[in-house]
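Structure record follows, encoded as structure tokens.
If you're wondering where the values come from, they're calculated on a predicted model, not measured in any experiment.
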Amino acid sequence: MRNFEDSYLHKGLRKKLVDQIRDKGITDEFVLQAINNVPRHYFLDSAFERHAYEDRAFPIGEDQTISQPYTVAYQTQLLQVKPFEKVLEVGTGSAYQASVLIEMKARVYTIERQKKLFEEKKNFKYLSKYPALLRFYGDGFEGLPTYAPFDKIIITAAAPFIPEKLIKQLKIGGLMVLPLNEGDIQIMYRITRVDEFTTKEERFDAFSFVPMLSGKNG
Ligand code: SAH
């Protein structure tokens with residue numbers, strides 16, 4: 001386990017990153033505050049640590065990436081998280097996105113299908129300060145029926161279709177934000193569960209994510 005420190009230098013770089021994200025169009029100050037609170041360098045391999053506050057995605061092992069901070073802020077803003085809401089995340093990866101949600105006072109249930117990433121201990125000590133963060137090893141296409149319904153669901157891998165089982169795990173009035181495949185890119189969608197049988201779909205900008213794959217690995 002690495003010995004982490006959140007220095008004035010880190011904090012200063014993080015503030016600059018938040019300003020950049022704001023300049024790119026993120027307006028929700030609650031989201032920006034959460035980004036400002038999470039030491040992203042704790043979530044990266046030491047080789048990338050000095051780049052932690054660049055607005056870029058980086059490898060986290062197993063061919064996966066920690067999302068670009070702008071993308072994390074974008075999805076989080078669309079999710080409209082309020083304190084104490086139950087949020088399901090598909091694709092824990094480094095647990096950076098999950099930590100941002102926790103900083104917004106959500107209760108977060110996050111699923112990862114890659115055993116190695118699920119067992120990653122690098123930022124374990126940091127995550128242990130978040131009792132409201134629950135991590136699961138499993139297939140996000142199945143969701144977490146035992147813990148449903150959720151106020152919000154966020155998928156952080158490129159979904160080939162809108163997973164029907166996840167819609168069923170949303171509360172009426174709940175929202176799901178996901179990048180949906182359209183050719184080689186993904187379009188960010190926000191689905192509202194209007195009632196038992198009806199959903200509303202909104203389309204936003206184009207992004208590029210690693211694929212959402214079915215089944216567990218490891
Ligand atoms: N949210 C992450 C970024 C994730 S990258 C972060 O903040 O670092 C996408 C992640 O989704 C990868 O770790 C990948 O293994 C995982 N993934 C892909 N398909 C999945 C599925 N069906 N269920 C759970 N996790 C999945």
Side-chain angles (χ1 to χ4, degrees), residues 2 4 10 13-14 16-18 20-21 24 26 31 34-36 38-79 87-103 108-124 126-127 133 135-141 153-160 163 176-189 204-218:
R2 254 153 74 203
F4 288 113
H10 292 123
L13 291 171
R14 200 147 69 235
K16 280 199 187 130
L17 172 66
V18 167
Q20 271 182 48
I21 295 174
K24 288 181 184 171
I26 303 297
V31 172
I35 300 272
N36 198 45
V38 181
R40 189 171 186 253
H41 62 286
Y42 290 6
F43 297 79
L44 292 166
D45 291 336
S46 49
F48 298 107
E49 195 185 318
R50 65 200 169 90
H51 300 293
Y53 297 106
E54 293 169 19
D55 191 19
R56 288 170 56 189
F58 286 101
I60 52 172
E62 309 308 306
D63 279 340
Q64 304 303 326
T65 53
I66 177 172
S67 304
Q68 185 181 343
Y70 171 73
T71 307
V72 171
Y74 191 99
Q75 282 198 283
T76 310
Q77 176 165 283
L78 286 179
L79 209 58
V87 180
L88 171 66
E89 181 197 23
V90 173
T92 314
S94 69
Y96 175 70
Q97 168 76 70
S99 300
V100 169
L101 293 168
I102 287 279
E103 284 291 337
V108 180
Y109 299 72
T110 182
I111 317 178
E112 174 56 56
R113 70 178 286 280
Q114 295 257 13
K115 189 97 189 234
K116 281 217 177 102
L117 291 177
F118 173 72
E119 288 174 345
E120 171 65 64
K121 296 278 190 299
K122 180 171 5 90
N123 50 12
F124 212 67
Y126 175 71
L127 294 181
L133 174 58
R135 301 168 66 227
F136 298 84
Y137 170 54
D139 178 0
F141 280 104
I153 298 179
I154 175 171
I155 302 181
T156 66
M176 173 157 78
V177 172
L178 73 160
L180 196 60
N181 277 346
E182 285 191 14
D184 291 339
I185 53 148
Q186 294 88 48
I187 302 295
M188 198 64 78
Y189 272 73
F204 297 90
D205 294 313
F207 289 87
S208 176
F209 282 76
V210 295
M212 180 175 179
L213 303 169
S214 53
K216 290 190 272 188
N217 183 351

Backbone of G91 reached by a side-chain donor or acceptor of T156 within 3.5 Å
yes
Any side-chain heavy-atom pair from I185 and I187 closer than 4.5 angstrom?
yes
Would you say that P69 contacts D55 through its side chain, given a criterion of any heavy-atom pair below 4.5 Å between the two side chains?
yes
Do V87 and Y109 come within less than 4.5 Å of each other through their side chains, counting heavy atoms only?
no
Would you say E89 and F136 make side-chain contact, with heavy atoms under 4.5 Å?
no
Is it true that the side chains of E112 and T92 contain a donor and an acceptor less than 3.5 Å apart?
no
Nearest heavy atoms of A157 and P179, plus distance in Å:
O-CG, 3.5 Å
Please step through side-chain contact (heavy atoms from CB on, under 4.5 Å) for the pair I35 and V72, ending with a clear verdict.
CA-CA 9 Å; I35 300 272; V72 171; 4.2 Å; yes
Compare every heavy atom of L127 with every heavy atom of A95, then report the nearest pair and how far apart it is.
CB-CD1, 3.9 Å
One pair to check against side-chain contact (heavy atoms from CB on, under 4.5 Å): Y70 and I26. What are the steps and the verdict?
CA-CA 8 Å; Y70 171 73; I26 303 297; 3.9 Å; yes
Taking the cut-offs as 6.0 angstrom to the six-membered ring centre and 45 degrees off its axis, would you call K216 and Y137 a cation-pi pair?
yes
Gap separating the CD atom of Q77 from the CD1 atom of I21, nearest 0.5 angstrom
11.0 Å
Point-to-point distance, once rounded to the nearest 0.5 Å, from CZ of R135 to CG of L117
9.0 Å
Working for side-chain contact (heavy atoms from CB on, under 4.5 Å), residues L101 and L79
CA-CA 10 Å; L101 293 168; L79 209 58; 4.0 Å; yes
To the closest 0.5 Å, what do you measure between CG (D139) and CZ (R113)?
7.5 Å
Hey, which of R14, H10, K16, Q20 is the one that makes side-chain hydrogen bond (donor to acceptor under 3.5 Å, both in side chains) with Y53?
R14
What is the minimum heavy-atom distance between G140 and I111, and which atoms define it?
CA-CD1, 4.0 Å
Determine whether the aromatic ring centres of residues F43 and F58 are separated by less than 6.0 angstrom.
no
Roughly how far apart are M212 CE and L180 CG, rounded to 0.5 Å?
10.5 Å
Short question: side chain of N123, backbone of S94 - any donor-acceptor pair under 3.5 Å?
yes
Among I155, I154, V31, L178, exactly one meets side-chain contact (heavy atoms from CB on, under 4.5 Å) together with Q75. Which residue is that?
I154
Determine the sole option in F48, F124, Y126, Y96 for which the ring-ring contact (aromatic ring centres under 6.0 Å, His included) test with Y42 is passed.
Y126
Does any donor atom in the side chain of S67 or Q97 lie under 3.5 Å from an acceptor atom in the other side chain?
no
Nearest-0.5 Å distance, CD1 of residue I66 to CZ of residue R40
4.5 Å
Which of V108, T110, I153 passes side-chain contact (heavy atoms from CB on, under 4.5 Å) with L88? It is I153
Between atom OG1 of T71 and atom CD of Q186, what is the distance when rounded to the nearest 0.5 Å?
10.5 Å
Specify whether F4 and H41 have parallel, tilted or perpendicular ring planes, treating 30° as the upper limit for parallel and 60° as the lower limit for perpendicular.
perpendicular
Taking every non-hydrogen atom, the tightest pair across P59 and D45:
O-OD2, 4.3 Å
